[in-house]
Each structure stands twice: as C-alpha cells, then as structure tokens.
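Accompanying notes for the structure given below.
Values below: every heavy atom of this structure, side chains too, minus hydrogens, waters and symmetry copies. Chain letters run A, B, ... following the sequence lines, proteins first and then strands; every chain starts at 1.
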Amino acid sequence: MTKFIPSQIEKKWQVAWENSNCFSVNEFSEKPKYYVLEMFPYPSGRIHMGHVRNYTLGDVVARFRRAEGFNVLHPMGWDAFGLPAENAAMERNTHPAKWTQQNITSMREQLKSMGLSYDWKREIATCDPEYFKHEQLIFIKFLEKGLAYRKESWVNWDPVENTVLANEQVVDGCGWRSGVPVERRKLSQWFLHITRYAEELLGAIKTLSDWPERVRLMQHNWIGRSEGAQIKFFLTDNVDDITNIEVFTTRPDTLFGASFLAISPHHPLTGYLSKINSKILKFVSECEKLGTSEAALEQAEKRGVDTKLFVYHPFVNGKKIPVYIANFVLMDYGTGAIFGCPAHDQRDLDFARKYDLPVTEVVCPENENENSFSIGNVAYTGPGKIINSGNWNGLDIETAREVAINAIETGNFGTKKVSYRLRDWGVSRQRYWGCPIPIIHCSNCGIVPVPEEDLPVKLPEDVQFNTPGNPLDMHPKWKYIACPNCGLNAERETDTFDTFFESSWYFLRFTDPNSNIAFDPKKAFYWMPVDQYIGGVEHAVLHLLYSRFFTRALSDIGYLKLKEPFSGLMTQGMVCHQSYKSQDNQWLFPNEVSKKGGEFVSVNDNLPVKVGRVEKMSKSKKNVVDPEEIIKSFGADTARLFMLSDSPPDRDLEWTEAGVEGSFRFINKIFKLTINPPLKPKHKLNRNEIKDLSPENLDLLRTSHRSVQIIGDNIKRFSFNKCVAQLHIFVNAITSFTHEGEVGERVKHHVLELLAQALSPFTPHIAEELWSNLGNSEFVSSSPWPDIFENLLIDDTVEIAIQINGKVRAKLRLPLDLPKEEAEAAALSCKEVKKYMSGKEIKRIIVVPNRIINVVG
RNA sequence: GGGGAUAUGGUGAAAUUGGUAAACACGCUGGAUUCAAAAUCCAGUGCCGAAAGGCUUCUCGGUUCAAGUCCGAGUAUCCCUACCA
C-alpha cells in the first residue's frame with residue numbers, strides 16, 4: 001500500500017498553484033468582488049501557531065468565496081518596521097534592513113508551505129521606500145489640512161528602549177515591551193488629529209454590524225464620550241494674569257455641593273505656583289515620582305496641597321471655595337481641573353475627609369428624608385431629588401443638569417461641553433527602523449515639509465547602534481540639509497513614525513500595490529471595503545481605530561471616498577498549550593516531555609514533570625510548538641485541519657499532541673480514498689437519475705449533498721468546527737459504502753468529487769490530489785462550489801419524539817408533514833402513551849410538526 | 001472601582017427560531033488482526049443503579065404543555081479598563 005507522505009503531495013500542489021498563478025486577481029471582472037484580509041505579520045523570522053490559525057481562517061474564507069464565484073482579493077505582506085530589528089542589530093551586529101529581509105524570506109517560505117491561496121504578486125513590505133514614500137506624502141497632506149500638528153507634550157519615556165511610548169503602550173506604569181517603569185519627559189512631538197473624528201468614529205460604530213460586539217464596545221469605551229459642562233470659577237485674587245480656573249464636570253447638577261477645586265500637578269497654574277512656593281514644588285515633584293512606578297499605591301491615597309487661593313462659587317453670593325493641587329487630577333482629561341463635590345463622588349469624599357473640607361449633601365435618594373440624610377464615608381452617586389441648592393431644590397438630577405447648564409450659559413461663565421477620553425495620536429518615535437518623518441526644521445523658515453519631488457526621505461544605511469538613543473539623531477551627515485525654502489543650513493526631523501502608521505493604510509495599498517501613487521482611487525473603490533478582516537483581538541482598539549481614522553482622513557484629503565475600511569471583522573482566540581516545569585523548576589518545551597502511562601516525564605532525566613496551566617503559547621513559558629516541525633512531520637493539511645477542528649475561531653484553542661494525531665489520522669483516511677478511485681464515468685450523474693437508485697446509493701448521495709450544504713452554510717457562519725464534524729460524517733459515509741456495479745462506481749465517483757470540493761477550503765492539498773486522481777485536469781481550487789441536488793435534501797419520513805407531560809417516552813418515525821390529526825392518532829396509539837396514560841384523562845395534545853408531540857395528562 | 005464574556009460528559013465541543021441535550025472528535029474500555037508492537041478495523045462509553053427505573057446543561061427561584069435556550073437573584077472563572085471628574 002502506498003504510504004502517505006504529506007510533504008511530497010503538498011509541495012507538488014504548491015508548485016503547481018504558483019506556476020499557474022491561479023490566485024492572482026485584477027479588478028476588471030464580471031464577478032462580484034470579495035476582499036479577505038488577515039492582519040499582516042511582523043517579520044520576526046519564524047511563523048508561530050497564532051499565524052497558522054489566523055491565516056488558515058482567512059484561507060478557508062478566501063477559497064470558499066472563490067468557489068462561490070467571487071473575484072477574491074487575498075493578499076499578504078509585511079509590517080516590517082519596528083523595534084526588534086534594532087534590537088537584533090545591537091545583539092548580532094546585523095543591519096536592521098538585512099535582518100528584516102532575511103526574516104521576510106524565511107517567513108514567506110513558511111507561509112508558502114501552508115498552502116495559502118495568496119496573490120503573492122501583491123506582496124508588500126512597509127520598510128520598502130516604494131511603500132513609505134506614499135506615507136510621507138500622506139503625512140504632508142495631513143499637515144496641510146491641519147490633521148497633523150506639532151505639540152510640546154509630556155511623554156512616557158522608556159529608559160531601556162530610549163523611546164517614547166504611547167499611553168496604550170504603558171501597562172501598569174511600565175513599558176509594554178521592556179517592563180520597566182516609564183518616566184515623564186517633555187518633548188516636541190508630531191500628533192495626528194484623531195480627536196477631530198471622535199464623534200464620527202463613535203457614531204459609526206453602530207454601522208459595523210459584522211463586527212464582534214465586544215470590539216465595538218471596547219472602541220466605544222476607548223473613545224469615552226461624556227456630556228457635561230465646562231465652568232469658569234473666578235479667582236478672588238488674580239495670579240499673574242490668570243483670572244479664573246476652568247473645570248469640566250458631568251455633574252453640573254451638584255454644583256451647590258462644591259466644597260473645593262482641585263487642579264492637576266501639571267496644570268499651568270501649578271507650574272506658576274511651584275516657582276514661588278517651595279511646598280508646592282515639593283509636592284509636584286513627589287507626584288512625578290509616584291505617577292508611574294507606584295500606580296497601585298497612589299490609587300489608595302488621595303493627596304493634595306492647599307494653594308491658599310480661593311474662587312467664588314458662581315451661584316452663591318460671597319461663597320469662597322479653596323483651591324487645592326491634587327494628585328488624582330489628570331492634566332490630559334477635560335481641563336485638568338475639577339470641582340470637588342464630596343457628597344456625591346467617592347474620590348472627592350476621600351479627599352475632603354483627609355483635608356477636613358465640608359461635605360454638603362445636594363442629592364437626596366428617594367427613600368431618605370431630606371432633613372436627616374447625611375453622608376458618612378460612602379458618597380451617594382445614584383438618582384434622587386436635589387436639596388440644599390437654592391431654587392433647584394426638588395428637581396430630579398436629570399432636570400437639574402439641564403437647568404444648571406442653562407444657568408451657567410446665561411450667566412456667561414461656562415458652556416455645555418462634550419469631553420472624550422480619546423486623545424490625539426502621537427506618532428513620533430525616537431527610533432531608527434521606522435519611516436522618516438518628512439520634515440525639515442529651519443531656524444529661518446520654521447517647519448518645512450520635504451518637497452514632494454524629494455520624496456522618499458530614505459534612511460541612511462551607515463548607522464551605529466552601539467550607543468543609546470536614536471541613531472538618526474547621532475548620524476554625522478544625514479540630518480544636516482539645506483532648507484528647501486531659503487537654502488540656509490537646516491536639520492531634518494530625526495524622529496520616525498509609530499509603526500501603527502504603516503498598518504493604518506496597508507489594506508489600501510494592497511488594492512494597487514505597484515502603483516507610483518499611493519493607490520489608484522478607482523481600484524481602491526472597486527476592492528474596498530475589506531469584506532472580511534481577520535486577526536487577533538489585541539488590535540481591537542488601536543490598530544482598528546487608527547485604520548478607521550485614516551480611512552476618513554484619507555477621504556478628506558481626496559485619496560478616496562470611504563468611511564469604514566473593514567465591513568466584516570473576525571477576532572480569533574489565542575492558541576494555548578499546557579506548560580511544564582522540571583523538578584528543578586525550569587520551564588520545559590512540550591517536546592522535552594513525554595507521556596509514560598498517564599504520567600508526564602522529562603525526556604532528559606525520566607523524572608516526573610510538574611504540569612502547569614493551559615495558557616497562551618509564549619516563549620517565556622516554553623509552551624510553544626513550532627509550526628514548521630508540525631508541517632514537516634504531519635503536513636500543512638493536518639495543521640490546518642487541527643486549527644479548524646473542535647474550537648470555534650473566536651475561542652481559545654488548546655494545541656494538543658493527541659488532537660494533531662487525530663487530524664493526521666483523518667487526512668490519512670482521505671489519502672486512502674485518493675488511491676485508485678473509480679474512473680471518471682462517461683456520463684455524469686444527474687439529479688433526475690436518483691429516483692432509480694438503490695437505497696444504499698441513495699443514502700450515500702443524500703449524506704453527501706447534505707454535507708456539502710451544511711459545510712457551505714457553516715463556512716459563512718465561521719463555524720468551521722461544525723464543518724469539520726460534517727466532513728467526518730461525510731468521509732465515514734463514503735468509507736462504509738460498498739459500491740457495486742457500474743452505478744455504484746458512478747455514485748462513488750460523484751461523491752468523491754463532492755468531497756474533494758468540500759475539502760478544498762480546509763485541506764487544499766489532499767483535496768487537489770483527490771480531485772486530480774478522479775480524472776480532473778483543472779484545479780479543484782479553481783472549481784466552483786458544487787451544485788446541490790435539492791431533491792436530496794429532504795427526507796420523506798422524520799423521527800418524532802413523543803412526550804408525556806414534557807418527558808420523552810417514545811420516538812416514532814412518521815411521514816414528513818403528516819397532518820396534525822393523524823400525528824395525534826399515531827401518538828395516542830403507541831404503547832408507551834397507553835402505558836403512561838392508562839386511567840388518566842388526556843387534557844391536551846401539542847403537536848409541533850415534524851418535531852415533537854406532547855401529551856399532557 | 002467600572003465594563004464585558006463564559007459556565008453543557010473524563011476532555012474539546014454541538015443543539016441556527018423555546019420543541020428528541022451531548023452531533024463530531026479526543027480520551028478511555030473491550031474485541032479482531034499481529035510472534036509482539038504500531039497502524040487499522042469492530043463494539044461500548046453523561047451520571048446513579050444488578051435491574052426496573054431515576055437523575056442530568058454552575059446554584060436557587062420564576063414563566064411555559066415544553067427551558068441549555070426566556071426572566072429574576074446568586075456563585076465561579078477569564079478578558080478588557082482603570083483616579084476619565
């Protein structure tokens with residue numbers, strides 16, 4: 001018997017696909033378009049199981065939609081800028097460009113070994129000047145349109161990586177990669193005006209009906225819209241030329257409860273005061289330290305310092321309110337100042353109790369007496385009736401809010417205001433391996449964009465990585481240049497873009513990857529939006545929000561006409577594996593562990609191994625399995641099938657050795673079907689013939705056609721695990737079929753063709769092998785999804801459960817669509833009903849056609 | 001502190017609209033084959049019980065002829081977010 005050697009079959013078909021260019025597409029087609037995209041990888045050098053899962057999911061969709069008759073765009077590329085290349089440069093003394101290129105080459109080979117149906121002619125790498133020169137021009141257009149601007153700002157400085165981190169790259173006060181506490185520094189930075197689109201990005205979330213609800217919710221929370229009022233509190237005595245403090249609040253209804261104002265340690269007023277008051281200066285510098293490393297500690301204690309300044313209460317004549325500087329007030333939200341209403345905000349209450357400030361109740365809960373209601377150490381934040389608030393007394397809080405805003409506006413010391421948590425996107429990074437920001441700083445002309453004809457600004461190749469800091473900034477020549485405006489000596493911007501910049505428009509470049517403009521609007525119009533985008537949920541907020549912003553911003557500078565880039569989104573779960581530790585507490589790779597009689601032991605010393613949790617594959621815990629090894633020993637089809645079996649795509653998947661072997665066995669079973677299958681019959685089986693077939697032939701045909709139907713339906717629903725289950729049923733039906741004679745041969749040939757077509761999206765190599773051995777010369781990968789014989793989908797009898805008082809007591813096989821009366825009669829005459837109902841009165845009979853009959857007694 | 005998700009056999013899971021719970025697989029048990037093993041094939045496998053039968057979708061309550069599915073209360077686990085005024 002021929003032995004199944006996956007690598008031989010798989011390589012053969014991969015080469016054949018590549019030579020035929022069968023996955024290459026263009027935009028001029030009669031067929032409807034379908035754009036399926038997986039998040040492109042960072043070229044780390046080796047693919048991991050997360051990639052295998054991601055790209056398998058995308059490939060199933062791409063192959064299926066192609067078979068369904070769509071013109072399918074399915075591209076792949078490289079998110080090729082980023083810090084690891086610089087780290088590698090330092091560690092191994094290779095240039096980032098070279099290191100990245102090598103990684104791309106080996107990862108491309110690995111991806112090709114998976115049999116993915118990409119249009120490789122559209123491959124892009126973001127570190128290619130042909131890619132990023134368009135990005136530089138986009139930035140200049142953003143600048144012209146006011147969508148990019150420069151701002152001095154406090155940044156999170158990672159002292160290990162010598163770079164600025166975005167707020168979202170700071171986790172628990174530490175750098176997301178380095179894990180060390182970040183420091184605060186003030187730098188001049190480039191920002192993109194994403195907040196200009198805050199309302200629109202928020203509002204359009206509801207149009208993204210094919211996105212997971214939780215991603216939409218995360219974006220909603222991230223934008224964080226809150227409605228309230230901005231209120232000016234006038235100082236009793238001016239400080240320098242400052243006359244008032246502006247405050248944002250969502251609770252203007254509690255204004256009468258205000259007992260202090262608190263401003264941020266980074267508020268301009270604080271800056272002024274700390275110059276003239278050493279106590280304040282000391283407090284501010286303490287906040288600096290606490291601000292990062294001891295975030296948790298800080299949370300516990302609210303601290304502040306009295307400025308000895310006072311403001312007037314806007315509605316209470318003569319009432320003066322003290323101004324504090326407080327560590328819990330953030331400068332970058334609202335105005336950097338709040339009014340404290342201790343009775344109805346827990347933080348304010350904590351603060352007031354600490355500094356002995358008055359607590360005035362202004363909202364009384366419904367079940368409390370307004371004369372006796374008093375706050376202890378828990379603030380009341382619920383609904384109720386306004387009290388102690390002049391002529392607002394008696395209003396509910398919602399009405400009071402409107403009345404308050406009216407009064408504030410009428411009094412001319414504030415306005416209704418909407419605030420967002422979302423902040424503008426800082427795109428400057430002090431790194432070498434990124435897209436240069438195309439700007440020249442001239443002492444004469446100021447900020448001068450690099451002229452379009454001088455683009456791209458390329459990275460210099462001769463750079464040193466042995467000193468900390470940005471190599472571009474330390475390069476002896478690169479940054480010195482004549483000003484394009486006035487010709488005087490000037491300097492290039494040495495910062496590069498955040499790598500999220502590249503990934504915010506790559507999906508557009510794929511629509512026209514070799515163009516000498518960013519992309520042809522007509523081509524982008526044809527292919528966009530991405531019909532199905534697939535990737536990890538870790539990008540639920542940033543990458544997806546930035547891409548949504550970019551699509552709008554690009555539309556506003558005339559590049560295209562589109563709002564939403566991704567109409568369908570699927571976020572896949574993580575690939576997990578059990579972790580193991582040796583006796584001396586060292587992590588062990590799965591292949592360093594073997595199972596002996598139900599016990600796990602170390603391969604090295606045969607000692608028992610401590611079995612840990614099943615968790616996300618990670619190098620640090622060594623619970624990783626290398627896809628290349630799996631593909632080498634079991635084949636890509638097995639790896640792909642395993643990824644799709646059992647767990648639905650959005651849930652975490654546990655990689656198990658037993659599971660892989662199970663998938664491998666199934667592929668082997670199919671392989672046996674590819675050997676000497678029936679010859680291609682002269683006449684194809686047609687749907688009118690089936691009435692003359694034997695029950696056995698008919699059963700097989702019925703199972704086969706139903707399977708194809710079920711598989712197609714479930715692909716559309718992303719229920720690939722159910723597709724695999726149905727494939728098992730399908731294959732089992734074929735292997736247990738004993739075909740006889742010419743008719744049997746024709747039936748078997750027919751169902752094997754269906755099988756090859758149904759397998760093709762999932763395990764394309766073995767499907768291609770089977771299809772070819774059945775006598776087909778075209779690729780199954782290019783064949784249409786099979787026509788289903790609808791007359792095989794319905795059976796003429798159904799099994800109906802007979803319930804007595806809601807419990808199933810019998811099952812009857814009855815003709816399909818049997819009239820109610822006859823069904824009732826059949827149920828009543830069965831012996832179980834007679835047994836259970838003897839001597840009892842039948843009160844009711846419920847008949848659910850073709851499903852159930854419930855006899856109630 | 002805030003928000004969200006999930007909970008079904010030994011395990012991963014299925015049950016699309018309230019209508020036969022556990023499809024399909026993994027694992028396990030027994031058998032066939034084999035000098036032996038691997039592979040393969042066949043049979044069994046939710047739980048309790050010798051059987052008859054009873055019980056079963058995290059717990060408690062409710063609606064219904066009928067609840068894994070709907071409603072209310074609670075528990076556990078995971079994820080996100082966090083002084084957002």
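With P as the reference atom, B/rU45 and B/rA22 are 12 Å apart, rounded to whole Å. The gap from the C1' atom of B/rU17 to that of B/rC55 amounts to 29 Å, rounded to the nearest Å. Atom name C1', nucleotides B/rU34 and B/rG54: the rounded distance is 45 Å, in whole Å. The P atoms of B/rG4 and B/rC71 are separated by 15 Å, rounded to the nearest whole Å. Rounded to whole Å, the P atom of B/rG2 lies 32 Å from the corresponding atom of B/rU63. Taking atom C1' on both nucleotides, B/rA76 is separated from B/rU59 by 10 Å, rounded to a whole Å. Comparing the P positions of B/rA25 and B/rA73 gives a spacing of 41 Å, expressed to the nearest Å. Using atom P as the reference point in both B/rG62 and B/rA13, the two lie 32 Å apart (nearest Å).
The CG-P distance, from A/Leu828 to B/rC65, rounds to 19 Å in whole Å. If you take CH2 of A/Trp222 and P of B/rG3, they are 18 Å apart, rounded to a whole angstrom. At whole-Å resolution of the value, CG in A/Asp345 and C1' in B/rC83 are 9 Å apart. To the nearest angstrom, P of B/rC84 lies 9 Å from OH of A/Tyr333. Rounded to whole angstrom, the span from the NZ atom of A/Lys843 across to the P atom of B/rA66 amounts to 11 Å. A/Asp713 has its CG atom 10 Å from the C1' atom of B/rU16, to the nearest Å. Taking atom CZ on A/Phe328 and atom P on B/rC84, their separation rounds to 9 Å, with Å as the unit. Atom CZ of A/Arg225 is separated from atom P of B/rA85 by 13 Å (rounded to the nearest Å).
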Please tabulate, one pair per line, each protein N/O and nucleotide N/O from nucleotides 54-56 of chain B that are separated by under 3.5 Å, including the distance.
none

Table of protein N/O atoms under 3.5 Å from nucleotides 18-25 of chain B N/O atoms:
residue	atom	partner	partner atom	Å
B/rU20	O2	A/Lys811	NZ	3.3
B/rU20	N3	A/Glu799	OE1	3.4
B/rU20	O4	A/Glu799	O	2.8
B/rC24	O2'	A/His728	ND1	3.2
B/rA25	OP1	A/Asn732	ND2	3.1

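Close to B/rA13, at under 4.0 Å from its OP1 or OP2, lies a side-chain N or O of A/Arg651. When the side-chain nitrogen and oxygen atoms of A/Ser226 are compared with OP1 and OP2 of B/rA85, one or more of them lie within a distance under 4.0 Å. When the side-chain nitrogen and oxygen atoms of A/Arg844 are compared with OP1 and OP2 of B/rC65, one or more of them lie within a distance under 4.0 Å.
Pairs engaging residues 641-668 of chain A under the side-chain hydrogen bond (donor to acceptor under 3.5 Å, both in side chains) rule: A/His577-A/Glu657 [sequence neighbours left out]. Judged as a side-chain hydrogen bond (donor to acceptor under 3.5 Å, both in side chains), the pairs with a partner in residues 724-733 of chain A (not counting sequence neighbours) are, in order, A/Lys669-A/Asn732, A/Ser707-A/Gln726.
Side-chain N/O atoms of A/Arg423 and base N/O atoms of B/rC84 include a donor-acceptor pair closer than 3.5 Å.
Mapping A/Glu654 and A/Val537 onto RNA chain B by nearest heavy atom places A/Glu654 at the nucleotide closer to the 5' end. For A/Gly659 and A/Asn668, each mapped to the nucleotide of RNA chain B holding its nearest heavy atom, the one lying further toward the 5' end belongs to A/Gly659.
Contact annotation for A/Val855: no contact, since no heavy-atom pair falls under 4.0 Å across all strands. A/Thr249 comes within 4.0 angstrom of sugar-phosphate atoms only, judged by non-hydrogen atoms across all strands, and of no base.
With sequence neighbours left out, A/Arg809 forms a side chain to side chain contact (heavy atoms under 4.5 Å, CB included) with A/Ile804, A/Lys807, A/Glu832, A/Tyr836. For the side chain to side chain contact (heavy atoms under 4.5 Å, CB included) test, residues two or more places apart in sequence or in another chain that qualify with A/Asp424 are A/Tyr149, A/Phe191, A/His193, A/Ile194, A/Thr195. Residues satisfying the side chain to side chain contact (heavy atoms under 4.5 Å, CB included) criterion with A/Asn805, sequence neighbours excluded, are A/Val856. Here A/Asn244 pairs with A/Lys232, A/Phe234, A/Glu246 under the side chain to side chain contact (heavy atoms under 4.5 Å, CB included) rule; sequence neighbours left out. Here A/Phe720 pairs with A/Phe718 under the ring pair (Phe, Tyr, Trp, His ring centres under 6.0 Å) rule; sequence neighbours left out.
A/Glu824 contributes atom CD, which lies 8.0 Å from atom CD1 of A/Ile853 (distance to the nearest 0.5 angstrom).
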What dot-bracket string describes RNA chain B from 5' to 3', counting Watson-Crick and G-U wobble pairs whose defining distances are under 3.5 Å, with [ ] for crossing pairs and | for pairs to another strand? (((((((..(((......[....)))((((((.......))))))(((....)))..(((((..]....))))))))))))....
Could you give the side-chain donor-acceptor pairs of residues 252-266 of chain A under 3.5 Å, partners two or more places apart or in another chain?
residue	atom	partner	partner atom	Å
A/Asp253	OD1	A/Arg251	NE	3.2
A/Asp253	OD2	A/Arg251	NE	3.2
A/Asp253	OD2	A/Arg251	NH2	3.1
A/Thr254	OG1	A/Arg251	O	2.9
A/Ser259	OG	A/Pro358	O	2.9
A/Ser264	OG	A/His266	N	2.9
A/Ser264	OG	A/Val329	O	3.2
A/His266	NE2	A/Glu288	OE2	2.8

Donor-acceptor contacts, no H, no angles, side chain residues 340-349 of chain A, under 3.5 Å, sequence neighbours left out:
residue	atom	partner	partner atom	Å
A/His344	ND1	A/Tyr380	O	2.7
A/His344	NE2	A/Val362	N	3.0
A/His344	NE2	A/Val363	N	3.0
A/Asp345	OD1	A/Arg347	N	2.9
A/Asp345	OD1	A/Arg347	NE	3.2
A/Asp345	OD1	A/Asp348	N	3.2
A/Asp345	OD2	A/Arg347	NH2	2.8
A/Gln346	OE1	A/Ala379	N	2.9
A/Gln346	NE2	A/Asp350	OD1	3.0
A/Gln346	NE2	A/Asn377	O	3.1
A/Asp348	OD2	A/Cys341	N	3.0

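Applying the 90° cutoff around 0 to the glycosidic angle, B/rG44 is assigned anti.
Checked against a 6.0 Å centroid threshold, the rings of A/Phe351 and A/Tyr324 count as neighbours.
Within 6.0 Å of CZ on A/Arg851 lie no more than 12 heavy atoms contributed by other residues, nucleotides or ligands.
Among the nucleotides B/rC79, B/rC26, B/rA85, the one closest to any side-chain atom of A/Thr250 is B/rA85.
A/Glu286 has a carboxylate O that lies under 4.0 Å from a charged side-chain N of A/Arg303, or vice versa, which qualifies the two as a salt bridge.
Taking the six-membered ring where the residue is Trp, A/Tyr546 and A/Trp425 present parallel rings, their angle staying beneath 30° rather than reaching 60°.
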